Structures are given as C-alpha cells and as structure tokens.
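To keep things clear, I will list the structure first and then write my remarks on it.
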Amino acid sequence: MTVAAMWEARAADGRAAELTAWVHAAALPALRGSAGLERTEVLGAPGGRVLLVTWWDGAPVAVADPPADLVARPVHRWEFTSQHVE
C-alpha cells in the first residue's frame with residue numbers, strides 16, 4: 001500500500017527562502033534512510049507556502065515542525081492512500 005504524506009507550512013512574512021532552506025537542511029535529512037520511504041518532493045506556492053510530499057510503502061514517518069519564528073501558522077499535515085495510478 002502506497003501512502004502519500006503531505007506536509008505544508010506557510011512562512012512568516014519575508015521568510016519563505018529560510019523556511020525552504022530549513023526543509024532542505026533539517027526535514028529532508030531526518031527522513032533519509034527511513035524504512036519505506038520511496039520518494040520526496042519539495043514544492044513552493046504563492047503566499048510563502050512550502051509543501052513537502054513524501055511517498056511511503058507503509059506507514060509514513062512524521063516530519064518535524066520548523067522553528068516557530070519561520071512560520072505564520074501551525075503546519076498542516078495530511079495522509080492519502082493511493083487509489084489509482086496510470
């Protein structure tokens with residue numbers, strides 16, 4: 001069973017680049033080598049949003065919260081189970 005875990009944070013004003021750098025420097029290295037991790041992808045969106053999507057064979061490992069001063073609101077997290085792939 002493939003599970004996609006989505007982690008989304010909105011950067012504090014003017015701190016999107018720092019938040020993205022934190023994801024690359026802290027969140028991604030913490031996940032590397034985790035059992036079942038198949039793929040990771042980091043995306044950016046307007047409004048200083050940073051999205052980390054991870055694909056897992058089994059239960060996902062939780063992504064940590066960034067430092068509070070980098071975010072405008074609490075991190076959002078969702079998990080999805082694959083239903084169909086073409």
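Remember, predicted model here, so these are calculated numbers, not experimental data.
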Problem - Minimal non-hydrogen separation, A11 against A72, with atom names - result: O-CB, 3.6 Å
Practice task
Treating Ile, Leu, Val, Met, Phe, Trp and Tyr as nodes and any side-chain heavy-atom pair under 4.5 angstrom as an edge, say whether V75 and W22 lie in one connected cluster.
Solution key: yes
Which donor-acceptor pairs under 3.5 Å do side chains of residues 55-68 form with protein atoms, sequence neighbours excluded?
{"unit_1": "W56", "atom_1": "NE1", "unit_2": "T54", "atom_2": "OG1", "d": "2.6"}
{"unit_1": "D65", "atom_1": "OD1", "unit_2": "R77", "atom_2": "NH1", "d": "3.3"}
{"unit_1": "D65", "atom_1": "OD1", "unit_2": "R77", "atom_2": "NH2", "d": "2.6"}

Practice task
In sequence, state the C-alpha distance, the side-chain angles, and the governing distance for V3 and M1, and then conclude on side-chain contact (heavy atoms from CB on, under 4.5 Å).
Solution key: CA-CA 7 Å; V3 176; M1 167 182 66; 4.1 Å; yes
Practice task
Tell me, please, which residues at least two apart from D69 pass side chain to side chain donor-acceptor pair (under 3.5 Å).
Solution key: R15
Which donor-acceptor pairs under 3.5 Å do the side chains of residues 26-46 make with protein atoms, sequence neighbours left out?
{"unit_1": "S34", "atom_1": "OG", "unit_2": "L31", "atom_2": "O", "d": "2.6"}
{"unit_1": "R39", "atom_1": "NH2", "unit_2": "E41", "atom_2": "OE1", "d": "2.8"}

Exercise for the section: Evaluate side-chain contact (heavy atoms from CB on, under 4.5 Å) for L51 paired with W7, printing each intermediate quantity in order. Expected result: CA-CA 6 Å; L51 179 68; W7 175 101; 5.9 Å; no
Using a 3.5 Å cut-off and no angle test, enumerate the donor-acceptor pairs between side-chain atoms of residues 78-86 and protein atoms at least two apart in sequence or in another chain.
{"unit_1": "Q83", "atom_1": "NE2", "unit_2": "T81", "atom_2": "O", "d": "3.3"}
{"unit_1": "H84", "atom_1": "NE2", "unit_2": "E86", "atom_2": "OE2", "d": "2.9"}

Completion exercise
ring pair (Phe, Tyr, Trp, His ring centres under 6.0 Å) filter on H24, not counting sequence neighbours, yields none
